[in-house]
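The figures that follow rest on heavy atoms only: side chains count, while hydrogens, waters and symmetry mates do not.
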Amino acid sequence: MSMSVTDRLAGRERSEEEIADAQPAPPTLDPQANGEYCMAIVVIGGQARNVGKTSLLANLIKAMPERHWTAVKITQHGHDLPAEASYLIREEGDATGEGDTARYLRAGARRALLLSARPGCLADAIPALRRELGRADDVILESNSVLEFLEPDVYLAVLDPAIADFKSSARQFLQHASAVVLNEPQRRNFRWDKALLEQVMRKPIFRVRPPQYLTADLVEFVRKKLQSLDQRL
């Protein structure tokens with residue numbers, strides 16, 4: 001059974017006594033929080049910076065105009081946060097800008113949000129993110145770490161075999177990927193350890209090239225996954 005974004009992001013309200021006694025934990029789920037409507041949730045993550053995550057997300061929005069996307073970029077560095085804030089959510093209002101969220105709007109997203117959180121503080125932002133997404137039709141997020149708090153319908157892991165760097169969050173959630181999007185350059189030098197390479201090879205693989213980072217068969221793969229969701233509603 002598919003769950004709404006509030007099912008998969010949110011936690012129930014706790015009493016002051018529970019808060020005092022409880023150990024820190026990810027938010028639990030509220031199955032009734034978003035009514036009966038269940039939107040599609042897609043997450044795009046990647047092994048490192050500059051592997052094509054944003055381009056893939058924007059081009060997937062453009063390739064699926066039948067979906068009414070709310071697109072979210074999640075960063076964890078906190079450089080531009082007020083001193084007292086652990087996170088901040090901003091809505092993009094200018095599609096002509098140079099930022100990633102502006103690219104989302106130009107691609108056709110109905111809304112584009114930037115969630116900035118200090119390292120280790122993403123959990124603080126989840127209730128506010130839930131409220132922002134509560135009335136969305138369909139949600140697409142650029143992040144690995146959000147998978148700690150959210151169960152998507154489709155998770156695409158964007159990988160580049162020529163890059164040795166592999167984020168810990170990308171390693172952690174690779175086993176949950178619906179498919180691997182493999183940026184395949186002319187050279188075929190895989191720079192990963194054997195265990196990681198074997199895990200990748202067990203997944204459906206879509207080989208892509210810049211600047212699109214998207215192929216017709218990958219679009220069809222995602223569309224069929226989401227159509228299967230629609231049929232269960």
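The distance from the CG atom of Asn183 to the CG atom of Leu56 is 10.5 Å, given to the nearest 0.5 Å. Taking CD of Gln199 as the start and CG of Leu174 as the end, the distance is 4.0 Å to the nearest 0.5 Å. A distance of 10.5 Å separates CD of Glu92 from OH of Tyr104, quoted to the nearest 0.5 Å. Interatomic distance, Met201 CE to Lys194 NZ, rounded to the nearest 0.5 Å: 13.0 Å. Atoms CG and CD, on Leu196 and Gln47 in that order, are 8.0 Å from each other to the nearest 0.5 Å. Rounded to the nearest 0.5 Å, atoms CG (Leu156) and CD (Glu142) are 12.0 Å apart.
Using a 3.5 Å distance cut-off with no hydrogens or angles, the side chains of Ser145 and Gln76 do pair a donor with an acceptor. Side chains of Thr215 and Arg209: a donor-acceptor N/O pair is absent below 3.5 angstrom, by distance only.
Judged by distance alone, with hydrogens and angles left aside, the side-chain atoms of Lys53 form a donor-acceptor pair with the main-chain N or O of Ala48 at under 3.5 Å. For the pair Asp138 (side chain) and Ala40 (backbone), a donor-acceptor distance under 3.5 Å is present.
The minimum heavy-atom distance linking Ala109 with Ile61 is given by the pair N-CG2, 3.6 Å. In terms of heavy-atom proximity, Asp153 sits nearest to Ser178 at O-OG, 4.1 Å. The two residues Trp192 and Leu197 make their nearest non-hydrogen contact at CE3-CD1, 4.1 Å. Across all their heavy atoms, Arg90 and Asp80 have their closest contact at NH2-O, 3.2 Å. For Ser143 against Val43, the heavy-atom pair with the smallest separation is O-CG1, 3.1 Å. Shortest non-hydrogen contact noted between Ile74 and Leu122 is CG2-CD1, 4.0 Å.
Applying the 6.0 Å contact sphere to CD of Glu98 captures no more than 12 heavy atoms from other residues, nucleotides or ligands. Shown here is Lys203, whose NZ atom has more than 12 heavy atoms of other residues, nucleotides or ligands within 6.0 Å.
One finds a salt bridge joining Asp193 and Arg171 here, because a Lys/Arg side-chain nitrogen approaches an Asp/Glu carboxylate oxygen to under 4.0 Å. For Arg207 and Asp217, the salt-bridge test fails: no basic side-chain N is under 4.0 Å from an acidic carboxylate O.
Ile89 and Leu105 fall into different hydrophobic clusters, defined by Ile, Leu, Val, Met, Phe, Trp and Tyr side-chain heavy atoms under 4.5 Å apart, directly or through other members. Linking Ile, Leu, Val, Met, Phe, Trp and Tyr whenever their side-chain heavy atoms come within less than 4.5 Å leaves Leu88 and Leu141 in two separate clusters. With hydrophobic clusters built from ILVMFWY side chains whose heavy atoms lie under 4.5 angstrom apart, Val139 does not share a cluster with Leu114. Grouping the Ile, Leu, Val, Met, Phe, Trp and Tyr side chains by contacts below 4.5 angstrom, directly or via other members, places Leu81 apart from Val72. Cluster annotation: Val154 and Val51 are assigned to the same hydrophobic cluster (Ile/Leu/Val/Met/Phe/Trp/Tyr, side-chain heavy-atom contacts under 4.5 Å, transitive).
Side-chain contact between Leu113 and Lys73: absent, with no pair of heavy atoms (C-beta onward) separated by less than 4.5 Å. Counting heavy atoms from C-beta on, the side chains of Leu129 and Tyr87 never come closer than 4.5 Å.
With sequence neighbours left out, Glu132 forms a salt bridge (Lys or Arg N to Asp or Glu O under 4.0 Å) with Arg111.
Tested against Leu133 for a side chain to side chain contact (heavy atoms under 4.5 Å, CB included), the candidates Ile41, Leu150, Thr70 yield a single pass: Thr70.
Sorted by first and then second residue, the ring-ring contact (aromatic ring centres under 6.0 Å, His included) pairs with a member in residues 203-222 read Phe206-Phe221; sequence neighbours excluded.
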